[in-house]
Amino acid sequence: MENSEKSRSNFIRDIIDKDLLEGKNNGKVHTRFPPEPNGHLHIGHAKAILVNYTIAKDYNGKFNLRFDDTNPVKEDEEYVNAIINDIKWLGADWEERLFYASDYFEQMYEYAIQLIKIGKAFIDSQSAEEIRANRGTITSPGIDSPFRNRSIEENLNLFESMKNGEFEDGSHVLRAKIDMTSPNMLMRDPLMYRIRHTSHHRTGDKWCIYPIYDWAHGLEDSIEGITHSLCSLEFQAHRPLYDWFLIQLGIHKPQQIEFARLNLNYTVMSKRKLLELVEENYVNGWDDPRLPTLSGLRRRGFTPEAIQNFIEKVGVAKAHSIIDYALLEHSIREVLNKTAPRVMSVLNPLKVVITNYPDDQVEELDAVNNPEDPSAGTRKVPFSKELYIEREDFMEDPPKKFFRLGPGREVRFRYAYFITCNEVIKDSNGEVKELHCTYDPASKGGKSPDGRKVKATLHWLSAEHAIDAEVRLYDRLITVPDTNNLEEGKTFKDYINPDSLTILHNCKLEAHLAKAEAGFRCQFERLGYFCVDPDSTPQKPVFNRTVTLRDTWARMQKK
RNA sequence: UGGGCCGUCGACAAGCGGUAAGUCACAUGGUUUUGGUCCAUGCAUUCAGGGGUUCGAAUCCUCUCGGCCCAACCA
């Protein structure tokens, strides 16, 4: 990340620049990412993480990771570990500052007592239904709770009893005393604590009252000395309340700034939809390479750098937006083009016999490992009489723009020879079974000593030297750009792409790839970028296609 | 509908009163032993729309239109 181009200006940086100029926060910048451990992280979270992290880093500030674990009924340790793992991989560094909201439960409780003592909070004993009914609506004011004027003494006693487990779930709540007629619904005596006789993944059964987001979040930020609390747009309406609590308490008040969350087209990003895909087995787990989860993208072959660059390109603003998936693809191609070693691999093999090549001869030919990186060197690739080429690289009756192999045509076999197709052998079904070709010995290495040109260069593999592999091809998960905007009566599940996963079983690879370990990334020349899946073994290699190469031929065919 | 926020190229997004950056996508041409990469060129006379202020407006004022968020004891 150190070498990434300097960050773009955005409205948050403008605010911070101004704050620094005015000497606010003693010139410090301190941000945080506060996930609730109730699900897995996806590319949208990567934006929140990276916006907070890179701003802290660029201003020589600090970045905290804090689990907002205030609701034990939804949270689990399993998620904590997965989230930590994903953020580490992404490259955001919280150093030693890993916190939990539950670490502050005692302090939050004390603050609540303080608020009761200044008459700004009370115990409400209405039912949830009554509270809802009395909150009013968006256009009509709410009405005060009948319990709103309990004495401070009574509130204090009740609150302590709540804490001590003397009441059942739902029988009482602690509420802030603000204004039931506020046009901002969140200011109509918001709830601060509810009773939940549920054990918490960290505090066990120590507590049976748990703080609610609006009460807890500002306190968490304040306690940690956060200066800029960067969050998504839907919290805009919460900001007055965030401020109100901290002002009443007279404690450090971070500045909450909201920005638009990331949306990607042709996929789903909501917790609910992702969960449905996983639980109903539309995909194979949270790390399915088709999912936009961080674990899925990782398994798909994305690098942290690619995601960082992607987020940087996306920018930070307040307008709702849906980013084109092509930008994500561009981001990973950009990284892999520079770094991925090239290799020849045949996904859909077609046998080629070089009829004028000596029967038992094998030549070791030099192949460049990465044309973008001379230091990657070269390797030897065996060439022999029987080869495989890609089925798609031959057409018996080629259209005008098809440059590849056809009857009577000459092409270059990369790093090898000029090859001419003389005969097409078919099976009883009329299916092309193999090609009989001749080679030009003078063109060794793929050079053209007489200046003769060919229009195509194909990849190939020596039949006896190649190894078998399984290759998994991925396509977009959803066939429509935006699942939040569907035809009447349809759900996103009606638009799941049935061809989002294609498993190829008879693929051929260069032999040295048997040793590649899970996570190894390379380019299959002319096909795309691929990586070794965790399912892979030396006996049965499994590769995932991360992304295809840009393919102008495929685009022409579509027209 | 009360309140809050937002509307600049197909998708993002700079711009902060001095005459529309950049990226992706797309198109065309060049280079090329990957139909990849790379290079070059093109792609908003106009900023949701109207009115106003100004020598000058995407930027300021105003009205209209459109979108999103808020009525969980979720975060």
Side-chain angles (χ1 to χ4, degrees), chain A residues 8-11 14 34-36 38-39 68-71 73-75 124 126-128 131-133 135-142 169-175 182-188 191-196 210 212-214 216-217 231-240 258 260 265 271 310 312-331 333-334 337-338 342 344 367-368 371-372 401-404 412-416 418 443 445-448 454-459 481 523-528 548-556:
Chain A
R8 266 202 268 174
S9 99
N10 63 50
F11 78 100
D14 290 347
E36 181 183 19
N38 70 345
D68 206 357
D69 53 352
T70 57
N71 186 359
V73 314
K74 292 189 162 187
E75 297 153 7
D124 195 352
Q126 297 180 101
S127 68
I131 288 175
R132 191 186 329 116
R135 186 147 34 215
T137 70
I138 243 161
T139 49
S140 61
D169 286 9
S171 55
H172 307 276
V173 291
L174 181 69
R175 285 234 250 176
S182 171
N184 181 347
M185 298 296 293
L186 290 156
M187 299 299 273
R188 323 244 264 223
L191 275 60
M192 294 165 61
Y193 275 94
R194 77 288 223 186
I195 302 171
R196 283 266 185 288
Y210 291 96
I212 283 169
Y213 172 84
D214 285 299
H217 204 86
C231 61
S232 48
L233 248 29
E234 63 267 32
F235 292 103
Q236 281 176 128
H238 295 249
R239 192 182 343 121
E258 312 86 5
N265 61 190
K271 203 161 275 179
F310 170 68
E312 182 62 34
K313 285 180 216 293
V314 161
V316 182
K318 297 182 83 162
H320 291 283
S321 59
I322 301 177
I323 309 297
D324 195 334
Y325 198 88
L327 188 61
L328 217 210
E329 294 188 323
H330 172 262
S331 302
R333 285 192 187 110
E334 197 175 33
N337 177 49
K338 295 284 185 226
R342 316 279 125 128
M344 291 198 284
V368 172
E372 301 292 315
K401 295 282 196 161
F402 187 82
F403 299 156
R404 282 108 98 148
R412 174 190 293 111
F413 276 22
R414 184 152 224 223
Y415 303 126
F418 278 23
S443 63
K447 296 183 184 66
S448 173
V454 287
K455 288 175 94 174
T457 299
L458 308 186
H459 61 279
Q523 182 193 99
F524 289 178
E525 291 215 49
R526 304 208 301 133
L527 298 174
T548 62
L549 257 29
R550 276 183 85 241
D551 190 346
T552 48
W553 167 239
R555 240 180 292 148
M556 284 166 67

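Convention: sequence-line order gives letters A, B, ...; per-chain numbering from 1. No experiment lies behind these values; they were computed from the predicted model shown.
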With a 4.0 Å cut-off, would you call A:Lys74 and A:Glu36 a salt bridge? no
Can you find a side chain N or O atom of A:Arg555 that sits less than 4.0 Å from OP1 or OP2 on B:C26? yes
Note: A:Asn10 and A:Val316 closest approach over all heavy atoms is CB-O, 3.5 Å
Considering all heavy atoms of both residues, which atom of A:Lys447 and which atom of A:Phe418 are nearest to each other, and what is their separation? O-CE1, 3.8 Å
Taking the C1' atom of each, how far is B:C69 from B:U8, in whole Å? 23 Å
A:Glu372 has a side chain; which of B:C24, B:G36, B:G35 sits nearest to it? B:G36
Where along nucleotides 67-75 of chain B does protein come under 4.0 Å, by heavy atom, of base (B) or sugar-phosphate alone (S), with - for untouched nucleotides? -SSBBSBBB
Is it the case that the base of B:G35 and the side chain of A:Arg550 share a donor-acceptor contact (distance under 3.5 Å, atom types as modelled)? no
Check whether any side-chain nitrogen or oxygen of A:Arg333 sits under 4.0 Å from OP1 or OP2 of B:U34, and answer yes or no. no
For B:G42, give its Watson-Crick or G-U wobble partner with both distances under 3.5 Å, or none. B:C26
So which nucleotide from B:U23, B:A11, B:U37 ends up closest to the side chain of A:Lys313? B:U23
Chi-based syn or anti call at B:A72, which uses purine or pyrimidine torsion atoms and a 90° bound: syn
So, OP1 or OP2 of B:G35: does either fall under 4.0 Å of a side-chain N or O from A:Arg526? yes
Can a salt bridge be assigned to the pair A:Glu334 and A:Lys313 using a cut-off of 4.0 Å between side-chain N and carboxylate O? yes
Think A:Thr139 has a side-chain N or O under 4.0 angstrom from the OP1 or OP2 of B:G3? no
Minimum-distance pair of heavy atoms, taken over all atoms of A:Tyr210 and A:Arg196: CE1-O, 3.3 Å
On the side chain of A:Glu258, is there an atom forming a donor-acceptor pair with the base of B:G4 - under 3.5 Å, no angle test? no
Could you please name the option among B:G7, B:C16, B:G4 that lies closest to any side-chain atom of A:Ala319? B:G7
Would you say A:Ser321 reaches B:A11's phosphate, i.e. side-chain N/O to OP1/OP2 under 4.0 Å? no
